[in-house]
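It should be emphasised that the depicted structure is a prediction, and the values quoted were computed from it without experimental measurement.
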Amino acid sequence: MTRKCFFGKSGLVENELITLPRETARHLDSVLRSKPGDPVEIRDGEGHGWKGVIESMKDGAIQVRLLERQVLTNESSLSITLALAFSRSEKMEQVIRHATELGVQRIAFFRARRSQYGLKGDKIDKKHERWEKIAREALCQCGRARLPEIVVFQETEDFLRDVSEGETFGPCGLKLVALETAAEESLVSLKHAVPFCEQVLVVVGPEGGWTVEEVNLFKHYALRSVHLGPRILRLETAALAIVSCVQLLWGDFGQGLG
């Protein structure tokens, strides 16, 4: 049976009757062929989940009765911040979807020196709205409890300064940047040096590589440079790879499911 999990507003209470958004209602009706009495799940993105049942379907509107609160325990034990240089829209959307599924708690975007794309003014708000929608869909698909925070910075140094001062994300423990040269530290050797960690920042991109000035900035702000093997990876591949690796080495990929 297809799992029916959808995003709802905050502040929900037991036995509340909620009306689903039109887009969600259309999906339930036209794609999933739902009917009254079918079970659904609701997430608010703030750590709360609900079991519910479709109570009525009329004129394109669907109402769901919330039955009981769910106990959700699948958030990552490792607090991961993924920072990504601006790239094409479809690449960034792909990374947001995968990062949400992998348990990333914060996603930051910024314009690197060799980024071919940037965002300013109203475009930031429009993209942010789009990105949050993608994250909400991914959250419901994978069943996690909390929506990742998404933040946009203008330049590399703006982002690094903010991380250093802990203004947006708070303190970051292990801070990593992916570089393309094999001379950099491997993640496995880093695990030996830092066996336990609760917070990780990983920085990826851009497709044209970092400039010498940016590499020096990373060193200035105490980021440790790591390599991801002998092959050159696309931005979206590198993001997926490094997040998966840190989840395996320090997070919940290496933990038992029992």
Side-chain angles (χ1 to χ4, degrees), residues 3 5 45 72-88 90-110 112 131-132 134-151 159 163 169 172-207 209-210 218 223-258:
R3 188 161 173 267
C5 182
L72 305 174
T73 59
N74 58 359
E75 284 299 303
S76 176
S77 58
L78 179 66
S79 176
I80 304 175
T81 299
L82 170 63
L84 200 71
F86 283 132
S87 183
R88 293 197 299 274
E90 65 272 16
K91 289 179 177 288
M92 293 192 288
E93 292 179 2
Q94 182 179 345
V95 170
I96 290 170
R97 186 173 292 108
H98 290 162
T100 302
E101 294 176 13
L102 290 170
V104 170
Q105 295 185 359
R106 291 163 294 273
I107 306 171
F109 293 102
F110 59 91
W131 291 338
E132 284 201 335
I134 291 170
R136 289 195 297 268
E137 292 172 351
L139 176 143
C140 291
Q141 184 277 323
C142 70
R144 67 179 290 189
R146 292 191 176 276
L147 195 69
E149 179 184 7
I150 300 176
V151 183
F159 161 70
V163 169
F169 304 122
C172 289
L174 189 60
K175 297 185 288 187
L176 310 176
V177 56
L179 297 183
E180 294 176 350
T181 62
E184 309 305 328
E185 196 169 8
S186 76
L187 286 166
V188 172
S189 65
L190 187 58
K191 169 68 174 178
H192 292 312
V194 185
F196 303 103
C197 184
E198 295 181 348
Q199 298 173 320
V200 176
L201 163 69
V202 291
V203 186
V204 175
E207 292 157 322
W210 305 111
F218 294 135
L223 272 71
R224 302 177 75 152
S225 56
V226 296
H227 70 80
L228 299 177
R231 293 164 294 280
I232 296 176
L233 306 180
R234 291 179 181 270
L235 174 140
E236 65 273 26
T237 307
L240 176 62
I242 195 168
V243 170
S244 298
C245 286
V246 299
Q247 276 286 39
L248 177 62
L249 295 173
W250 293 280
D252 57 10
F253 279 18
Q255 299 173 1
L257 296 178

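Atom CD of Gln94 and atom CD1 of Ile134 lie 10.5 Å apart (nearest 0.5 Å). With values rounded to the nearest 0.5 angstrom, Asn74 atom CG is found 7.0 Å from Cys142 atom SG. Here the CD atom belonging to Glu93 is positioned 8.5 Å from the CH2 atom belonging to Trp131, to the nearest 0.5 angstrom. Atom CD1 of Ile80 sits about 10.5 Å away from atom CD1 of Ile107, to the nearest 0.5 Å. Rounded to the nearest 0.5 angstrom, Leu78 CG and Leu249 CG are separated by 10.0 Å. In this structure, the separation between CD on Gln105 and OG on Ser79 is 4.0 Å, given to the nearest 0.5 Å.
A 6.0 Å sphere centred on CD of Glu198 holds no more than 12 heavy atoms belonging to other residues, nucleotides or ligands.
Considering all non-hydrogen atoms of both residues, Val104 and Val243 come closest at CG2-CG1, 3.7 Å. Between Thr100 and Ala135, the closest heavy-atom pair is CG2-O, 3.6 Å. In terms of heavy atoms, Cys140 sits closest to Cys5 at CB-O, 3.3 Å. For the pair Ala178 and Ile242, the tightest heavy-atom approach, listed with the atom from each and the gap, is CB-CD1, 4.2 Å. Scanning both residues, Ala83 and Phe110, for their nearest heavy atoms gives CB-CE2, 4.0 Å. Residues Leu187 and Cys245 share a closest heavy-atom pair of CD1-CB, 3.5 Å.
Looking at Ser76 and Arg144, their side chains never bring a donor and an acceptor atom within 3.5 Å of each other. Remark: the Ser225 side chain and the Glu185 side chain contain no N/O donor-acceptor pair separated by less than 3.5 Å.
In this structure, Leu147 and Arg136 have side chains that are in contact, with non-hydrogen atoms separated by less than 4.5 Å. By the 4.5 Å heavy-atom criterion applied to side chains, His227 and Ser186 are counted as neighbours. Residues Ser244 and Leu240 form a side-chain contact, since some pair of their non-hydrogen atoms from C-beta on lies under 4.5 Å apart.
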Original post:
Under the side chain to side chain contact (heavy atoms under 4.5 Å, CB included) criterion, do Val163 and Thr81 qualify, and how do the steps go?
Top reply: CA-CA 10 Å; Val163 169; Thr81 299; over 6 Å; no
**OP:** Under the side chain to side chain contact (heavy atoms under 4.5 Å, CB included) rule, what do Leu190 and Val226 come out as? Steps first, then yes or no, please.
**Re:** CA-CA 9 Å; Leu190 187 58; Val226 296; 4.1 Å; yes
**OP:** Might you work through the side chain to side chain contact (heavy atoms under 4.5 Å, CB included) test for Val246 and Leu174, ending with a clear yes or no?
**Re:** CA-CA 10 Å; Val246 299; Leu174 189 60; over 6 Å; no
Original post:
How far apart are the C-alpha atoms of Phe109 and Ile150, what are their side-chain angles, what is the distance that settles it, and do they pass the side chain to side chain contact (heavy atoms under 4.5 Å, CB included) test?
Top reply: CA-CA 8 Å; Phe109 293 102; Ile150 300 176; 4.1 Å; yes
Show every donor-acceptor pair shorter than 3.5 Å between a side-chain atom in residues 228-238 and any protein atom, with sequence neighbours excluded, or say none if there are none.
unit_1: Glu236; atom_1: OE1; unit_2: Lys91; atom_2: NZ; d: 3.0
unit_1: Glu236; atom_1: OE2; unit_2: Lys91; atom_2: NZ; d: 3.0

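In terms of modelled atom types and a separation under 3.5 Å, the side chain of Lys175 and the main chain of Leu201 share no donor-acceptor contact. A donor-acceptor pair under 3.5 Å is formed between the side chain of Gln247 and the backbone N or O of Leu102.
Taking Trp210 as the reference, Phe218 meet the ring-ring contact (aromatic ring centres under 6.0 Å, His included) condition, with sequence neighbours excluded.
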